[in-house]
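To keep things clear, I will list the structure first and then write my remarks on it.
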Amino acid sequence: MDEQALMGLNPNADACYRQRALAYFEQLKESLDGWEVCAQALAKGVYSDDHVKFFCFQVLEHQIKFRHGSLTAAQQQLIRETLMKWLQAQLMNVHPEKPFIRNKVAQVLALTFVMEYLTLWPKFFFDILSLVGLNPNGVDIYLRTLMAIDAEVVDRDILHSPEETRRNTLIKDSMRERCIPALVESWFQILQTYQHTHSELTCQCLEVVGAYVSWIDLNLIANDRFVNLLLSHMSMEELREEACDCLFEIVNKGMDPVDKTKLVESLCQVLQSAGFFSIEQEEDVDFLAKFSRLVNGMGQSLVLSWTKLSKMGDVKVSAETLRAVEGKVPLMLQLLIHEDDDISANIVGFCYDYLHVLKQLPALNEQQKTNVEAIMLAVMNKLKYDDEYNFENEGEDEAMFVEYRKQLKMLLDRLAQVSPELLLEAVHRVFNATMQNWQTVQFMEVEMAIRLLYMLGEALPASHGAHFSGDTTKTSTLQSMMRTLIICGVSEYQHSSVTLEFFETVVRYDKFFLVEPQHIPSVLMAFLDHRGLRHSSPKVRSRVAYLFSRFIKTLARSTGNTLNSCVIAPLSSCVQENGFPVLLSSDDQLFMFETAGVLIVNGESPAERKQALMRSLLTPLMEAFRMLLAKLPQEANEERQAVLADCLNHAVGFASRTSKAFSNKQTVKQCGCSEVYLDCLQTFLPAISCPVQRGPLRSAVRSFLHRMIICLEEEVLPFIPAASQHMLKDCEPRDLQEFIPLISQITAKFKNQVSPFLQEIFMPLVMAIFEVLSRPAEENDQTAALEKQMLRRSYFSFIQTIASSGINEVMASQGAENIERVLFTIIQGAVDFPDPVAQKTCFIILSRLVELWGGKDGLVGFPDFIYKHIVPACFMAPLKPTFDLSDAQTVLTLSECTLTLHMIHLKRVSLKSPQLIVLFRPETSYINELCQVLQQPDVKVLKNYMKVFQ
């Protein structure tokens, strides 16, 4: 072997040596006999370096995995002998190989087994067992090999081809017939031999038993001698967790429901008599987490048996199984209420399934009601935060508790389905007791009480949040709790979790304030003062800004001038230096401006008052914008420029956000606010010609124009020509890509009204697009290629909008040379660019243009263009090797291509063009076939023909 190349296998080797080693590895893999050098080195123990040994096994693994079928019988025998010689050598070693080498050997052995067990090496396991006996080094490799075989043959998480699945089934069937009893006996001997002296081997063996028990005869494992051995391991500190996992896999094995019940019950009796159910005396939380998982598995298995037996109509046996389920409830409750959340979380599945059983019963007996109440109390108790939860800097532990809370919420929802009355009564009791003494109760108790009220909103669902109509018991109880929440003063509690829960609950039950509107002012003050938007915690302020926006949207119309006086005045000054900008981020301020807009638009004030309020809100923005825009070109520092541009963008964004309050029923014009927004437009538009920070400023103004087209309608049109002229100067691909949707929006909305403007701007815009697309770019510059692709799509989309808006004069007026140039780009887009999204759009355009100009009164020369270019394009595109009908977009493209041909036929244009005859030669009969297909009234016939043609 190349000794210098092998030096590169050392992780600390120089890069050149590592590169040489990698090249040598590839050389040996590709060589027909290179692997034999590695095999000999392994069999003779030539190398002591761990990395070289690992390297040799990798080469051998590649050979077995990809070339085994092409090896001669002698070469296959060499592989078997190499592995067995290496394994024999391990039996004599004082120190075992490193784990990563042992794992690799196990993988190579497993691959060899998969390839040869059914044909060449049926005594695989007997050979290995007779060789290793109970030698610890040999047993270790044997157990690792069994787990590697499980991964190759059994593991359902690994995807296999149908052929591999059939092979794996044959392997398992053959193993059951030939060797499984011997393997099970070897496991028992290993467990018995090493349980006191070699815990690592014993744990490995327990893992193997757990992996294989799912598909072997359970009687081989579920018998007195094996179960007693496993139970003895449950009492050994180093083995108990693996023993628990092994028992879990045994319990989880699919089997007849009656047999499963007997198995679980017998196991439970043994565990209980051995004292494992007395969990209050157990201090090892890691073991208890495993034990909780085992109990969860036993409980869910019993529930599954009960479900099957109930469906079978076996009343007597299903009743016995239900008693077995309920016999585990006390243990389940002990585990559910355990202070360690991992232990509790592991039993949630059984608890959930048990509640599902109760839900299906016609009525609950007293014990079952007691169980439900106990589960309720356990869930309520476990919902509490602990003292160590970090609210300001949430990490992994906090995320795990949030996930655990979601599991508890599922239980609460299930409890509501089992007994909504009991749940409502329990929450009411806990809530009232906590709110009466909230000043002296710890924060986690207060937060939990409010959280329960919040969770009732989903646990006891109501249509469109109408929790305060319908069932009087429910509505009166919820009203009572909401009333208590607001008037008891708990919103003053000095902990962020309580504060947030208060506001979340107020917003969830916002319909309450339609029933009792007298509470609105006090809640509004909570939103606006130190408890909400001026809270010391940025996290609280941010969330409250969003919640306040939701709250106002629900209640603005129904509360008259109360909100105006309480809210609009503070919001109007929120751009001042000492106001909200210090406390709220720009994203949070967006919610505040939207809220202000909602209040103004939905208030009962006359239009003049609404205009004045909107002006008072937006004027400070416009003044700040003018001042910052004047500063920006004079600023030399780029970082400072970016900061100023960011501020300008925010100002435009805030103004745009206020317009979201308008609707079809409350338009800008009806509210008298058109003049204010037109002033904003005049203020913001100069930014698009700013020489610095052009990209972000243009993007912000474009977004504002999009909004104003919707809100101001025709009143925005005078601003469009000048804005467009500036935006087309010095364009980057992204600028154009974002500008085209704006023009498309104007075109689609105003159609004939903007036809003169479009006729004027059409070619300048098209030429700007052509210029950007023709710019050279690096061959491997993926970003530039993607930008050009997106710009090309936007261009075709723009042409499509014009073609489909009934203003064909926009293109028709551009002169023959320009029209031809544009048309050829559409043909090129349909045929030459392997972008099915763009191709589909191009065929839609071509179909529409054929419809508009394909007749006698159409554009001069266009029928000839159809004949020479469009018809051939409909066939050339599907013939391209990149036209892949397994892609959904390409299928849509073919459909549009077919519709284009159909439209050409309807316009009575001949399809027998010289171009097609050349394209189809010598199979010119295709054209005649096509003409016949086109005669069919159903266009689906043509679509199917085109698929076959492709």
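Heavy atoms from other residues, nucleotides or ligands lying under 6.0 Å from CD of Glu396 number 12 at most. The environment of Lys369 atom NZ is sparse: at most 12 non-hydrogen atoms of other residues, nucleotides or ligands sit within 6.0 angstrom. Annotation for Glu394: atom CD counts as buried by contact number, over 12 foreign heavy atoms lying within 6.0 Å. Enclosure of atom NE2 in His160 by more than 12 non-hydrogen atoms of other residues, nucleotides or ligands within 6.0 angstrom is indicated.
Scanning both residues, Thr475 and Ser469, for their nearest heavy atoms gives CG2-N, 3.3 Å. What you find for Phe226 and Leu220 is that their closest heavy atoms are CD1-O, 3.7 Å. When every heavy atom of Cys268 is checked against every heavy atom of Met298, the shortest pair comes out as SG-SD, 3.6 Å. Residue Gln192 comes nearest to Leu229 through the heavy atom pair N-CD2, 4.2 Å, listed as atom of the first residue, atom of the second, then distance. Of all heavy-atom pairs spanning Met312 and Pro257, the tightest one is SD-CG, 4.5 Å. The heavy-atom pair separating Ala243 from Leu230 by the smallest distance is CB-O, 3.9 Å.
Comment: Lys539 does not engage Glu392 in a salt bridge, judged by the lack of any side-chain N to carboxylate O separation of less than 4.0 angstrom. Salt-bridge annotation for Asp245 and Lys290: present, with a side-chain N of the basic residue lying under 4.0 Å from a carboxylate O of the acidic one. A salt bridge links Asp140 to Arg102: one of the charged nitrogens lies within less than 4.0 Å of a carboxylate oxygen. Salt-bridge check for Glu265 with Lys260: failed, with every basic side-chain N at 4.0 Å or more from each acidic carboxylate O. A salt bridge is defined here as a Lys NZ or Arg NE, NH1 or NH2 lying under 4.0 Å from an Asp or Glu carboxylate O, and Arg166 with Glu163 fails to meet this definition. A salt bridge links Glu501 and Arg451; the closest N-O separation between the charged side-chain nitrogens and carboxylate oxygens is under 4.0 Å. Salt bridge annotation for Arg508-Glu458: present, with a cationic side-chain nitrogen under 4.0 angstrom from a carboxylate oxygen. Ion pairing between Glu282 and Arg240 holds under the 4.0 Å rule for side-chain N and carboxylate O. Using a cut-off of 4.0 Å between Lys/Arg side-chain N and Asp/Glu carboxylate O, Glu398 and Arg405 are scored as not salt-bridged.
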For this session: Decide side-chain contact (heavy atoms from CB on, under 4.5 Å) for Leu383 and Glu447; before the verdict, give the C-alpha distance in whole Å, the side-chain angles of both, and the deciding distance to 0.1 Å.
Result: CA-CA 9 Å; Leu383 276 170; Glu447 192 275 344; over 6 Å; no

Problem set entry | Derivation of the ring pair (Phe, Tyr, Trp, His ring centres under 6.0 Å) call for Tyr389 and Phe391 | CA-CA 6 Å; Tyr389 193 98; Phe391 289 91; 4.6 Å; yes

For this session: Please report the C-alpha distance between Ser292 and Asn346 in whole Å, then the side-chain angles of each, then the deciding distance to 0.1 Å, and finally whether the side-chain hydrogen bond (donor to acceptor under 3.5 Å, both in side chains) criterion is met.
Result: CA-CA 6 Å; Ser292 182; Asn346 282 348; 5.0 Å; no

For this session: List the steps and the verdict of side-chain contact (heavy atoms from CB on, under 4.5 Å) for Ile190 and Tyr142.
Result: CA-CA 11 Å; Ile190 292 167; Tyr142 164 62; 3.9 Å; yes

For this session: Check step by step if side-chain contact (heavy atoms from CB on, under 4.5 Å) holds for Asn381 and Met448.
Result: CA-CA 8 Å; Asn381 189 55; Met448 180 269 291; over 6 Å; no

Problem set entry | Working for side-chain hydrogen bond (donor to acceptor under 3.5 Å, both in side chains), residues Asn371 and Gln367 | CA-CA 6 Å; Asn371 290 342; Gln367 183 57 53; 3.0 Å; yes

For this session: May I have the step-by-step check of side-chain hydrogen bond (donor to acceptor under 3.5 Å, both in side chains) for Gln300 and Asn296, ending in yes or no?
Result: CA-CA 6 Å; Gln300 288 188 306; Asn296 188 72; 3.1 Å; yes

Problem set entry | Worked verdict on Phe113 versus Phe125 for ring pair (Phe, Tyr, Trp, His ring centres under 6.0 Å) | CA-CA 9 Å; Phe113 166 82; Phe125 290 111; 5.1 Å; yes

For this session: Tell me, with the steps shown, if Lys253 and Leu263 meet side-chain contact (heavy atoms from CB on, under 4.5 Å).
Result: CA-CA 11 Å; Lys253 181 177 172 65; Leu263 172 68; over 6 Å; no

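A cation-pi arrangement is present between Arg178 and Tyr117, with the terminal nitrogen or guanidinium carbon under 6.0 Å from the aromatic centre and inside a 45° cone about the axis. A cation-pi arrangement, defined by a distance under 6.0 Å to the six-membered ring centre and an angle within 45 degrees of its axis, is absent between Arg543 and Phe503.
Here the CD1-CD1 distance, from Ile221 to Ile216, works out to 4.5 Å after rounding to the nearest 0.5 Å. Within the model, atoms NZ of Lys328 and CD of Glu326 stand 10.5 Å from one another, a figure rounded to the nearest 0.5 Å. Interatomic distance, Leu408 CG to Lys384 NZ, rounded to the nearest 0.5 Å: 12.5 Å. Here the CD atom belonging to Glu177 is positioned 10.0 Å from the SG atom belonging to Cys179, to the nearest 0.5 angstrom. One distance of note links CG of Asp150 with OG of Ser214; it measures 7.5 Å at 0.5 Å rounding. For the atom pair CG (Leu322) and OG (Ser310), the distance works out to 8.0 Å, reported to the nearest 0.5 Å.
Between Leu267 and Val251, the closest side-chain pair of non-hydrogen atoms falls below 4.5 Å. The closest side-chain heavy-atom distance from Val153 to Met175 is not below 4.5 Å. Counting only heavy atoms from C-beta outward, the side chains of Val325 and Phe350 approach each other to under 4.5 Å. Side-chain atoms of Asp342 and Met400, non-hydrogen and from C-beta on, do get closer than 4.5 Å to each other. Between Leu478 and Lys474 there is a side-chain heavy-atom pair separated by less than 4.5 Å. Side-chain contact check for Leu239 versus Ser199: some heavy-atom pair is nearer than 4.5 Å. Between Met410 and Val348, every side-chain heavy-atom pair lies at or beyond the 4.5 Å cut-off.
A donor-acceptor contact shorter than 3.5 Å is absent between the side chain of Ser480 and the backbone of Ser476. Of the possible polar contacts, one joining the Ser344 side chain to the Leu336 backbone as a donor-acceptor pair under 3.5 Å is found. Tyr194 contributes no side-chain N or O that, together with a main-chain N or O of Gln189, makes up a donor-acceptor pair within less than 3.5 Å. No donor-acceptor pair closer than 3.5 Å links the side chain of Lys172 to the backbone N or O of Arg167. Looking at Asn437, its side chain never comes within 3.5 Å of a backbone N or O of Thr440 through a donor-acceptor pair. When atom types are taken as modelled, the side chain of Ser161 and the backbone of Glu164 share a donor-acceptor pair closer than 3.5 angstrom.
Here the two rings, on Tyr385 and Phe401, have centers that are under 6.0 Å apart.
Using cut-offs of 30° and 60° for the angle between ring planes, the Tyr509 and Phe468 rings count as perpendicular.
Gln360 and His356 are linked by a side-chain donor-acceptor pair at a separation below 3.5 angstrom, with hydrogens and angles left out of the test.
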